[in-house]
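Chain A is the first sequence line, chain B the second, and so forth, proteins listed ahead of strands; every chain is numbered from 1. Given the structure is predicted, the values throughout are model-derived calculations rather than measurements.
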Amino acid sequence: MKPLQSLRGMVDLLPGQTPFWQRIEATARDHFRRAAVEEIRTPLLELTELFARGIGEATDVVGKEMYSFEDRGDRHCTLRPEGTASVVRAAIQHGLVAQGPQRLWYGGPMFRYERPQAGRQRQFHQIGLEFLGHADPRSDVEAIAIAWDLLVDLGVDGLSLELNSLGSSDDRLRYRADLVAWLEAHRERLDPDSQQRITTNPLRVLDSKNPETQDLLAGAPTLAEALSGESHERFLRVRQGLEALAIPFTLNPRLVRGLDYYGHTAFEITSSQLGAQATVCGGGRYDGLVEQLGGPPTPAVGWALGMERLVLLLNQAQQAQGAEQRPGAAPDLYVVSRGVQGEAHAMVLARRCRHRPGDPLAVQVDLSGAGVDKQLKRARRSGARWALLLGDEEAANGTVRLMPLHGEGGAGSADRLLSQAEFLALSLDQLNA
RNA sequence: GCGGGCGUCGCCAAGUGGUUAAGGCAGUGGCUUGUGGCGCCACCAUUCGGGGGUUCGAGUCCCCUCGCUCGCCCCA
């Protein structure tokens, strides 16, 4: 029988990798706590309509990337492709937005049916932040600052923050008309992809990777020129806020986000050290979404960061430092035993060590029944700091042999014969002595 | 959905038409029924992702398929 494999684009996280994930999660939690942001957890499965209405029918995410199916009650269900729509739905459903501004974060798996490549999988993980009910440009600044500080704290370098303003929906409508007219006038000189997008999503043409198209675009009307005085003023205040916090950014007038709900501030944090999928964190303002999903008019801003891409960067950073990979769950103590009495004794002592008051120890018991030298070899490889040797003699007279595993160590010279009670009473410092 | 590259043991990896599929790491057993990063010995792929074809003969050539990977599109 052939062994089964995971589904394409669905990735197992093996023990060698999980410490990176735990570190990111712990750091994120800490930053959110310090910024008074509360966690919200929503279902992985939602009605398809939520995403269709929230993200936009015409977007790629909704048009071709959703994991959708009908359940046994003929409901149209979709595995969430992003977090914002669900969070907004939950906040409306439970009256959160009616209770005043909300500062929320979430984390977990998202699903998009795309061709996997570096930094992109079908099941991937995001951590996201959503501020609901704040219109002030300072909320944009704070949201971005939290993301920036988190990434910096994780030790990721080579990051850059790119910023743009998409203006109000009126601004965009006006600009869109101007842009389409201009693009139509230059249609023959555009690459085929961009020609397509004149009708499907003209703003995206600005983002084209075709060099000739980019050259041509130098003469196109810009979004910045199309901003109303009010939008312009708002964007200025966001920029000033970031400058006041000494968070470096570059203006990118071509930055256009792919989900329909974004307006005004849009930003991405990218890394030069990733492949083609260089965006680590992306977000912006989405003032119309809450109302569009049936809630009261509520301004909002948020972002999401891609865990896999962050893990990629942390891996690279570690390799660059040549850091040695230590077992993630190395025990303090490795218990080696021999003989019927000794083995029984080992189980009892291991449990006492794990549950002793004061300094509980992380203990691994060798369960192989192999010879003592084999067990000691494994003890060393486990990364444990000490080994405990237990045989029938020790079991009979209530003693243990304690052996430090790292450091110089001559043959057998360093092990200590202790009574059980003495051993259990040793503090971590005394163990090292 | 569209391109490019790749698929030999858990991991790394030789081998490019002629059979006995190297080697290293890890693993298991032993030398050693109780003592340290070793060392030595043994075991560890009837089979080269899968299927079909060409050939006297295929891991090696051809076709199909699956998977991985990088890129496009798009996004975190």
Without placing hydrogens or testing angles, list every side-chain donor-acceptor pair under 3.5 Å for residues 331-344 of chain A, not counting sequence neighbours.
residue	atom	partner	partner atom	Å
A:Asp332	OD1	A:Arg385	NH2	3.0
A:Asp332	OD2	A:Ala362	N	2.8
A:Tyr334	OH	A:Asp366	OD2	2.6

Name the atoms and distances for all side-chain donor-acceptor pairs under 3.5 Å in residues 20-30 of chain A, with sequence neighbours left out.
residue	atom	partner	partner atom	Å
A:Arg23	NH2	A:Leu154	O	2.7
A:Thr27	OG1	A:Arg23	O	2.7
A:Asp30	OD1	A:Arg33	NH2	2.9
A:Asp30	OD2	A:Arg34	NE	3.3
A:Asp30	OD2	A:Arg34	NH2	2.9

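Out of B:rC74, B:rG34, B:rG36, the shortest distance to the side chain of A:Gln277 is found at B:rC74.
Judged purely by atom type and a 3.5 angstrom limit, A:Gln292 uses its side chain to pair as donor or acceptor with the backbone of A:Arg53.
Contact annotation for A:Arg257: backbone-only contact, meaning every heavy-atom pair under 4.0 Å involves sugar-phosphate atoms and none involves a base. Residue contacts shown for A:Leu389 include a base, since a base heavy atom lies under 4.0 Å away. Across all strands shown, A:Leu259 has heavy atoms under 4.0 Å from sugar-phosphate atoms exclusively, and none from any base. Within the nucleic acid shown, A:Gly119 comes within 4.0 Å of at least one base atom, counting heavy atoms only. Nucleic acid contact for A:Glu65: sugar-phosphate only, since backbone atoms but no base atoms lie under 4.0 Å from a heavy atom of the residue. Heavy atoms of A:Gly282 sit under 4.0 angstrom from primed sugar atoms or phosphate atoms, though from no base atom.
Among residues at least two apart or in separate chains, ring pair (Phe, Tyr, Trp, His ring centres under 6.0 Å) pairs with a member in residues 183-210 of chain A are A:Trp182-A:His186. Pairs of residues two or more places apart, or lying in two chains, that qualify as salt bridge (Lys or Arg N to Asp or Glu O under 4.0 Å) and include a residue from residues 264-292 of chain A are A:Asp140-A:Arg285, A:Arg257-A:Glu268, A:Arg285-A:Asp287.
Of the residues in residues 104-118 of chain A, those with a non-hydrogen atom less than 4.0 angstrom from any atom of RNA chain B are A:Arg112, A:Glu114, A:Arg115, A:Gln117, A:Ala118. Taken residue by residue, residues 32-63 of chain A places heavy atoms nearer than 4.0 Å to RNA chain B at A:Asp60.
Using atom C1' as the reference point in both B:rC6 and B:rG53, the two lie 23 Å apart (nearest Å). Separating the C1' atom of B:rC48 from that of B:rU16 is a span of 13 Å, rounded to the nearest Å. For the P atoms, the distance from B:rC72 to B:rG15 is 33 Å, rounded to whole Å. When the P atom is used for both B:rC11 and B:rG27, the distance is 15 Å, rounded to whole Å. Across B:rU54 and B:rC43, the matching P atoms stand 39 Å from one another, rounded to whole Å.
An OP1 or OP2 oxygen of B:rA76 is reached within less than 4.0 angstrom by no side-chain nitrogen or oxygen of A:Arg120. For the pair A:Arg197 and B:rC74, the criterion of a side-chain N or O lying under 4.0 Å from OP1 or OP2 is met.
Every residue two or more places apart in sequence or in another chain that forms a salt bridge (charged side-chain N to carboxylate O under 4.0 Å, His left out) with A:Arg401 is listed here: A:Glu394, A:Asp415. Shown here are the side chain to side chain contact (heavy atoms under 4.5 Å, CB included) partners of A:Arg352, two or more places apart in sequence or in another chain: A:Val348, A:Gln420, A:Leu424. Listed by chain and number, the residues in a side chain to side chain contact (heavy atoms under 4.5 Å, CB included) with A:Leu173 amount to none (sequence neighbours excluded). Residues satisfying the side chain to side chain contact (heavy atoms under 4.5 Å, CB included) criterion with A:Ala226, sequence neighbours excluded, are A:Tyr175. Partners of A:Leu50 by side chain to side chain contact (heavy atoms under 4.5 Å, CB included), not counting sequence neighbours, listed by chain and number: A:Glu46, A:Ala85, A:Ser86, A:Arg89, A:Leu293.
Between A:Phe124 and A:Gln5, the residue whose closest nucleotide on RNA chain B is further toward the 5' end is A:Gln5. Summary of the strand contacts: A:Gly275 and A:Leu390 both lie near RNA chain B, and taking for each the nucleotide with the nearest heavy atom, the more 5' one is attributed to A:Leu390.
Residues A:Asp260 and A:Thr59 have side chains that never bring a donor and an acceptor to within less than 3.5 angstrom of each other.
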Test log, rule salt bridge (charged side-chain N to carboxylate O under 4.0 Å, His left out), inputs A:Glu142 and A:Arg103: CA-CA 11 Å; A:Glu142 190 183 17; A:Arg103 302 161 66 84; 3.0 Å; yes
Report, one pair per line, the protein and nucleotides 25-32 of chain B atoms (nitrogen or oxygen only) whose separation is under 3.5 Å.
residue	atom	partner	partner atom	Å
B:rG27	OP1	A:Arg381	NH1	3.0
B:rG27	OP2	A:Arg381	NH1	2.8
B:rU28	OP1	A:Arg378	NH1	3.1
B:rU32	O2	A:Asp373	OD2	2.9

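On a pure distance criterion of 3.5 Å, a polar donor-acceptor pair joins the side chain of A:Glu394 and the base of B:rG34.
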